[in-house]
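To keep things clear, I will list the structure first and then write my remarks on it.
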Amino acid sequence: MDKPTAEKDWYNYWLRHKLFAADPNSAKKPYSILMPPPNVNGELHLGHAMQQSIMDALARFKRMQGFDVLLLPGVDHAGIIFESTFNKELAKKGLSKQKLGHEEWLKQAWQFKEEVYHSFHQTWDFLGISADWDKEVFTLDPPVQKAVFEEFKSFWEQDLLYKGAYIVQWCPKDGTAIEDVEMEYEQKKEKLYFVKYQISDQPTEFITVATARPETIFADVAIAVYPNHPQYKKYLGQKAINPLTGNEIPIIEDKRVQEDFGTGALKITPGHDPLDFAIGQDNNLPILHAVDKTGRMTELTEDLSGLKIEEARQLTIQKLGPAVEKVEDYTHAVPVCERCKTVIEPLISEEWFVKMQPIAQKALSKLSQINFLPKNYQKILATWMKEIHDWSISRNLWWGHRIPVWYCQTCNPTHQVGKDKDMVVALSTPEQTCQTCGQTVWVQEEAVLDTWFSSGLWPLATLGWPEKTQQLSKYFPWDFELTAPEIKYLWIARQIMIAIWFTEQIPFKNMFFHGTLRDIHGQKFSKSLGNGISPYNLVQKWDVDPTRMALFSYSAPGRDARTSQQLMDERCKNYRNFATKLKNIYRFIYELKPAEALFESDFSHDEDIEIIQHLNGLIDQVTNHLENYQLHLATESLYDFIWHKLADSYLELSKKRRTDAQPCLEYIFTTCLKLLHPFMPFTSEDLWHQVYPQAKSIIQEDWPESLKQENLPFTHKI
RNA sequence: GGAUCCGUGGCUCAGUGGUAGAGCGCUUCGUUCACAUCGAAGAAGUCGAAGGUUCAAUUCCUUCCGGAUCCACCA
């Protein structure tokens, strides 16, 4: 045999014997678990370690129950977050996107991706994750690319895609539109300026407007007041004069203007504010820009052109002069980019959108078929789907699936989109000629797709969709998916909507939301705060199985937990002691086995009956807790039984009748090893082979079943 | 502004319609042959507050206080 000599080497043994491989041809019933692909960015943190240990425990449990288990691993290319991390790396070397150029940048990006990939695999290895590595998927792999293309093409053909001038949240630093969900809000102290707009032809009449962004006044196209404004309603239909440009702008009313904020009058700047954009659309107002995509002032602002916003704001105030009626201190939530913390500029940009209404509607009808844990997430997701907004899917990045749209350079140089325009939806350069000019010069859309456009397809793309593969028919819908609650909309909702849209089926039967591990103050672990706890260090210090057990103890569904290096150490130490206890129990039972021990017993002694009954209870509890994804309860039951019932109690009693008790001791111990295997794979496997030197892997053992009451007493031979 | 979650011994967390649990920490004792990475014994909580439902509530409902998270166009 090629068995390892050290406990930690069992992982390679399992790999060599392909014990993690799923087999689509197997007659066994399938059980499929889809790994949420971590972002190829930085290292895997403690939260990942918990998440993946949970999946691994389930996979090992289901294998022992006799299922053909597929635990499918993968990694996400993570558009914006990868690109910004990589660009920071480049900056350290004095390089940048611009300096490298598109082709070279991509080449180096892929190299960087490989480095991160390598560190991911190291973490998975030392945690003992039993995934089917031959089936690993990266979201930019060619098969995924095909699936993403199919998704895009299908949406296009069904008229669910459009491209248009639209207000987007623009990050000037990343140079791309970002989604609402990628923004954070920071409380900032700013000034609120009250600016007077003179009524046209009435030099003594004014409407006063409150604004925190006077520099955008250049792009004002109207003044809106709330309906029946007592002071200002008389001006409706008249014009006001833009105090900076002198242009005449209409005065309108709109119920979306807040009665109790500022003066009840709102300057309408559709180019720089989402609400203004909406009001502008409804009133057919033009769109002007005072700020461009790099966060600098446009030509519209004349001599301020080219300045940064902050500088321009001060100069604008000077220009306004007496038009500024008063200034108040104003603290409000300013949207910033979640990743680089740059203040977001709402801007008009040409972006691609998916019409989500019909897709969400369809999903809503089947949402109840998914078993959510905790249960209330069904309602939370349903509410979101009912109020769904269109999905902005284009990103001005280089890292991602480039939008598979080609424009005829001759007939459609401005990249207009429409069924009758000179454009083609195709994965690679179209070979056809342009219908209008007969030429074949095609230019691809510059932008890439939002990361979640491919991640949303994850449950399908990983199984070869749109091909009708054997894997797809066997393992889809997935039995189990899990993730952190914070990406319930970004990822989970979209997977559900997309899968149901394309297959009429839910993507997964059980959806488990684990809590988030936080630091002792309740804050998320993050690189910038430097409050992370390295799973690698814990494993070095306390070994794998104790670390896994400590993580399970924090894994109650939906519950966030606070922890620290010290608290993790405490819990790990506890389970390290537990592992030691287990080894000592082994020594007592097997190494100090009495020569005259019985080889068979009917467990008729009162003490045997009692412990066997406890063991039966334990088997039922652990099984049920695993079936219900309550891993923290399963480990607690095991800990209690093995330490207190078995070691402290029965084992002590057995010393008085050792020869008689030996078969019972062995039966209980080996059963416990099997029950422990999902949680403590290395320790259980190692002790299993010490007990049975000739045995196969414990992975291939059957999951224990409790002995029914009517079967007791029964005879056990050792 | 809307929604959700949490508030249990010193700390971090389980749990439950019917005398409160774990780990760590703390106190006392113990190195006899599985284990001092241990064992035995113990102190410690009116289960955030107030109402309500119930024979019975820490557990269900309402309100409030405190903490957190998510969503949202407040200029």
Side-chain angles (χ1 to χ4, degrees), chain A residues 167 169 180-181 183-185 190 192-195 209-214 216 220 223-224 256-269 272-279 330 332-333 335 346 374 376-377 379-380 383-384 387 389 484-490 513 515-518 520-524 542-543 546 549-550 552-556 558-564 566-593 630 632-633 635-637 639-640 643-644 646-648 651-652 654-655 658 665 669:
Chain A
I167 189 110
Q169 307 295 351
D180 294 352
V181 282
M183 297 194 305
E184 288 176 355
Y185 290 84
E190 294 197 322
L192 191 61
Y193 302 91
F194 289 75
V195 182
V209 157
T211 180
R213 303 204 51 195
T216 65
D220 283 1
I223 300 278
R256 285 166 286 191
V257 179
Q258 299 271 323
E259 190 174 336
D260 53 1
F261 187 90
T263 61
L266 174 65
K267 73 187 198 66
I268 300 300
T269 322
H272 297 292
D273 185 274
L275 172 61
D276 295 8
F277 179 79
I279 293 175
Y330 180 49
H332 67 147
N376 57 338
Y377 277 85
K379 213 174 89 189
I380 293 172
T383 305
W384 188 74
E387 296 167 5
H389 299 301
E486 63 219 43
I487 51 176
K488 56 184 177 290
Y489 303 133
L490 286 167
F513 287 98
T516 305
L517 287 178
R518 301 173 176 282
I520 207 68
H521 308 292
Q523 292 187 295
K524 271 197 235 175
W542 302 108
D543 215 344
M549 290 293 272
F552 292 136
S553 75
Y554 270 121
S555 74
R559 297 288 195 98
D560 287 1
R562 294 175 179 205
T563 190
S564 63
Q566 188 194 341
L567 286 166
M568 282 309 297
D569 278 339
E570 278 174 12
R571 291 202 182 205
C572 287
K573 178 180 154 194
N574 180 222
Y575 289 108
R576 190 276 317 265
N577 294 353
F578 179 62
T580 309
K581 193 79 182 171
L582 214 56
K583 287 168 193 171
N584 279 305
I585 295 171
Y586 165 81
R587 283 181 54 193
F588 174 80
I589 297 177
Y590 292 93
E591 292 182 6
L592 300 172
K593 186 171 175 172
Q630 308 279 345
H632 63 302
L633 298 181
T635 50
E636 195 181 299
S637 302
Y639 182 95
D640 179 67
W643 201 309
H644 300 117
L646 177 60
D648 291 350
L651 197 141
E652 289 300 324
S654 78
K655 288 176 181 172
R658 183 62 201 275
L665 282 167
F669 185 74

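Just so it is clear, the structure is predicted and the values come from calculations on it, not from any experiment. Chain A is the first sequence line, chain B the second, and so forth, proteins listed ahead of strands; every chain is numbered from 1.
Under the ring-ring contact (aromatic ring centres under 6.0 Å, His included) criterion, Phe513(A) pairs with Tyr377(A), sequence neighbours left out. Ala550(A) meets the side chain to side chain contact (heavy atoms under 4.5 Å, CB included) test with Met568(A), Arg571(A), Cys572(A), Tyr575(A); sequence neighbours excluded. Listed by chain and residue number, nothing satisfies the salt bridge (charged side-chain N to carboxylate O under 4.0 Å, His left out) test with Arg562(A) (two or more places apart in sequence, or in another chain).
Nucleotides A56(B) and U19(B) place their P atoms 14 Å apart, quoted to the nearest Å. Comparing the P positions of U37(B) and C26(B) gives an interatomic distance of 15 Å, to the nearest angstrom. Nucleotides U58(B) and G9(B) have their C1' atoms positioned 14 Å apart, rounded to a whole Å. Going from the C1' atom of A20(B) to that of A44(B) covers 13 Å, rounded to whole Å. Taking the P atom of each, C11(B) and C73(B) are spaced 40 Å apart, rounded to whole Å. If you take atom P in A22(B) and the same atom in A40(B), they sit 13 Å apart, rounded to whole Å. The gap from the P atom of G21(B) to that of G42(B) amounts to 13 Å, rounded to the nearest Å. A gap of 15 Å separates the P atoms of A43(B) and U27(B), to the nearest Å.
Residue Tyr554(A) is in sugar-phosphate contact alone, with no base atom involved, counting any heavy-atom pair closer than 4.0 Å across all strands shown.
Paired regions of RNA chain B, where each region holds three or more successive Watson-Crick or G-U pairs whose two hydrogen-bonding distances fall under 3.5 Å, are B:1-7 with B:65-71, B:10-13 with B:21-24, B:26-30 with B:38-42, B:48-52 with B:60-64.
For Asn574(A) (side chain) and Glu570(A) (main-chain N/O), no donor-acceptor pair under 3.5 Å exists by modelled atom type. No donor-acceptor distance shorter than 3.5 angstrom exists from the side chain of Asp560(A) to the backbone of Gly515(A), with no hydrogens or angles considered.
Look at NZ on Lys267(A): it is 14 Å from C1' on C73(B), rounded to the nearest Å. Note: CZ (Arg518(A)) to C1' (A68(B)) measures 7 Å, nearest angstrom. Atom CD in Glu486(A) sits roughly 13 Å away from atom C1' in A68(B) (whole-Å rounding). One can place CD of Gln566(A) at 17 Å from P of G10(B), the figure rounded to the nearest angstrom.
Judged by closest nucleotide on RNA chain B, Ile520(A) is the one of Ala212(A) and Ile520(A) placed further toward the 5' end. Take the nearest nucleotide of RNA chain B for Thr211(A) and for Lys488(A): the residue whose nucleotide is more 5' is Lys488(A).
For Gln566(A), the CD atom is loosely surrounded, since the number of other residues' heavy atoms within 6.0 Å does not exceed 12.
When all heavy atoms of Asp276(A) and Leu266(A) are compared, the closest pair comes out as OD1-CD2, 3.9 Å. Closest approach of Ala210(A) and Thr263(A) over heavy atoms only: N-OG1, 4.3 Å. Shown here for Trp542(A) and Arg576(A), the closest heavy-atom pair between the two residues is CZ3-NH1, 3.7 Å.
Here the CG atom belonging to Leu646(A) is positioned 5.0 Å from the CD1 atom belonging to Ile585(A), to the nearest 0.5 angstrom. Note that OG of Ser637(A) is 10.0 Å distant from NE2 of His632(A), once rounded to the nearest 0.5 Å.
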With B for base contact, S for sugar-phosphate-only contact and - for none (protein heavy atoms under 4.0 Å), nucleotides 21-39 of chain B reads --SSS--------BB-BSS

Could you write out each protein N or O paired with an N or O of nucleotides 2-8 of chain B at a distance under 3.5 Å?
unit_1, atom_1, unit_2, atom_2, d
U4(B), O3', Asn376(A), ND2, 3.3

